[in-house]
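The shown structure was predicted, so the numbers you read here are calculated from the model rather than taken from an experiment.
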Amino acid sequence: TVAPSYLDVNCIWAGTDDGLIHVTLDDGLHWNDVTPPALKPWAKVSLMDAGHFDVQTAYAAINTIRLDDMRPHIYRTHDGGRTWTHITSGIPDGATVNVVREDPKRKGLLFAGTEREVYVSFDDGDHWQSLRLNMPATSMRDLIVKDDDLVVATHGRGFWILDDITP
């Protein structure tokens with residue numbers, strides 16, 4: 001997964017399918033390994049999202065199905081990857097995470113897609129709650145906030161749109 005910064009053209013985050021995270025601050029000339037110490041080999045960094053409000057912020061959705069670990073794993077950094085915080089409080093075991101995205105307009109509003117449903121956090125990932133509504137229980141593979149809508153892509157079922165997420 002590749003997550004170019006929304007704020008600095010020279011900053012690019014990259015995650016691999018064998019559990020590594022790197023960042024460049026000079027448009028790819030030099031890369032720094034900023035992998036969270038808790039990540040094991042073969043943990044899949046399924047999706048990264050660069051922060052919309054701070055160039056030092058990034059979020060990483062980690063899928064650990066290949067390690068027979070069905071717990072949710074999302075990491076957040078606010079210091080360019082020097083330290084990472086595991087942020088999954090409220091997402092139950094069995095909800096393997098495939099995607100995490102930050103709302104481009106509201107700082108601290110995050111969305112996560114798992115193998116079963118979508119979750120929302122209003123406090124930068126410190127606490128999560130289900131946003132299932134009328135969605136089927138299926139694998140959520142990607143999501144994006146487009147204008148005032150949340151668009152979710154599912155595995156093999158199509159897509160789902162939560163219209164007008166403005167407060």
Side-chain angles (χ1 to χ4, degrees), residues 1-131 139-145 150 152:
T1 178
V2 177
S5 172
Y6 298 98
L7 305 170
D8 179 352
V9 69
N10 295 307
C11 179
I12 305 167
W13 297 87
T16 68
D17 68 353
D18 60 352
L20 299 174
I21 297 177
H22 288 79
V23 65
T24 179
L25 302 175
D26 57 11
D27 199 27
L29 293 176
H30 303 92
W31 290 86
N32 296 314
D33 184 345
V34 294
T35 305
L39 281 191
K40 297 177 184 176
W42 300 108
K44 178 182 173 184
V45 183
S46 62
L47 197 132
M48 292 196 67
D49 197 24
H52 286 266
F53 305 96
D54 176 16
V55 72
Q56 296 288 308
T57 294
Y59 303 90
I62 311 298
N63 181 310
T64 54
I65 288 176
R66 295 184 298 189
L67 295 170
D68 205 21
D69 177 358
M70 303 308 199
R71 295 172 297 161
H73 299 286
I74 303 171
Y75 287 90
R76 169 188 73 206
T77 183
H78 288 307
D79 59 10
R82 286 186 296 281
T83 62
W84 293 87
T85 303
H86 191 257
I87 53 168
T88 58
S89 180
I91 303 176
D93 285 355
T96 306
V97 178
N98 293 314
V99 57
V100 62
R101 296 282 188 190
E102 181 181 42
D103 186 280
K105 295 180 184 174
R106 288 169 291 240
K107 188 174 182 174
L109 178 58
L110 302 178
F111 300 95
T114 72
E115 283 295 315
R116 295 184 182 164
E117 62 190 286
V118 174
Y119 289 84
V120 61
S121 172
F122 298 99
D123 57 7
D124 200 33
D126 289 336
H127 303 91
W128 295 87
Q129 61 190 43
S130 174
L131 189 63
S139 179
M140 309 301 165
R141 294 300 176 99
D142 201 358
L143 53 86
I144 190 167
V145 178
L150 176 65
V152 181

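- Sorted pairs that involve residues 3-13 and meet salt bridge (Lys or Arg N to Asp or Glu O under 4.0 Å), not counting sequence neighbours, are lacking altogether.
- Y59 OH to F111 CZ: the interatomic distance, rounded to the nearest 0.5 Å, is 12.0 Å.
- T77 contributes no side-chain N or O that, together with a main-chain N or O of T57, makes up a donor-acceptor pair within less than 3.5 Å.
- Atoms CG and CD1, on N32 and I21 in that order, are 13.0 Å from each other to the nearest 0.5 Å.
- Counting only residues at least two apart or on different chains, the salt bridge (Lys or Arg N to Asp or Glu O under 4.0 Å) pairs with a member in residues 28-49 are D49-R101.
- Residue M140 holds its CE atom at 10.0 Å from CG of L131, rounded to the nearest 0.5 Å.
- When all heavy atoms of V145 and P104 are compared, the pair lying nearest together is CB-CD, 3.6 Å.
- Heavy-atom minimum distance, A50 versus A3: N-CB, 3.8 Å.
- To the nearest 0.5 Å, atom CG of residue N10 and atom CG of residue D26 are 7.0 Å apart.
- Side-chain atoms of V100 and Y75, non-hydrogen and from C-beta on, never get closer than 4.5 Å to each other.
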Report, one line per pair, each donor and acceptor closer than 3.5 Å where one atom sits in a side chain of residues 89-96; sequence neighbours left out.
none

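- In terms of modelled atom types and a separation under 3.5 Å, the side chain of R82 and the main chain of D79 share a donor-acceptor contact.
- Shown here for L25 and C11, the closest heavy-atom pair between the two residues is CD2-SG, 3.8 Å.
- Residue M48 comes nearest to W84 through the heavy atom pair CE-CH2, 4.1 Å, listed as atom of the first residue, atom of the second, then distance.
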side-chain contact (heavy atoms from CB on, under 4.5 Å), that's the test. Do I74 and W128 meet it? Break it down for me. CA-CA 11 Å; I74 303 171; W128 295 87; 3.8 Å; yes
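- In this structure, the side chain of S5 does not engage the main chain of V55 through any donor-acceptor pair within 3.5 Å.
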Could you go step by step and tell me if E102 and L109 meet the side-chain contact (heavy atoms from CB on, under 4.5 Å) rule? CA-CA 6 Å; E102 181 181 42; L109 178 58; over 6 Å; no
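- With rounding to the nearest 0.5 Å, the separation of OG in S139 from CG in N63 is 8.0 Å.
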If you apply the rule side-chain contact (heavy atoms from CB on, under 4.5 Å), what do you find for R71 with T88, and how did you get there? CA-CA 9 Å; R71 295 172 297 161; T88 58; over 6 Å; no
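- The two residues L143 and A112 make their nearest non-hydrogen contact at CD2-C, 4.1 Å.
- With a 6.0 Å radius and a threshold of 12 heavy atoms from other residues, nucleotides or ligands, H78 has its NE2 atom above the threshold.
- For the atom pair CG (N98) and CG (L47), the distance works out to 9.0 Å, reported to the nearest 0.5 Å.
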Is there a side-chain contact (heavy atoms from CB on, under 4.5 Å) between L110 and D124 once you walk through the steps? CA-CA 6 Å; L110 302 178; D124 200 33; 4.1 Å; yes
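- The environment of W31 atom CH2 is dense: over 12 non-hydrogen atoms of other residues, nucleotides or ligands sit within 6.0 angstrom.
- R76 places no side-chain N or O within donor-acceptor distance of the main-chain N or O of I87, the cut-off being under 3.5 Å.
- Of the possible polar contacts, none joining the S46 side chain to the I62 backbone as a donor-acceptor pair under 3.5 Å is found.
- Between Y6 and H52, the ring planes lie parallel to each other; the angle is under 30°, not in the 30° to 60° tilted range.
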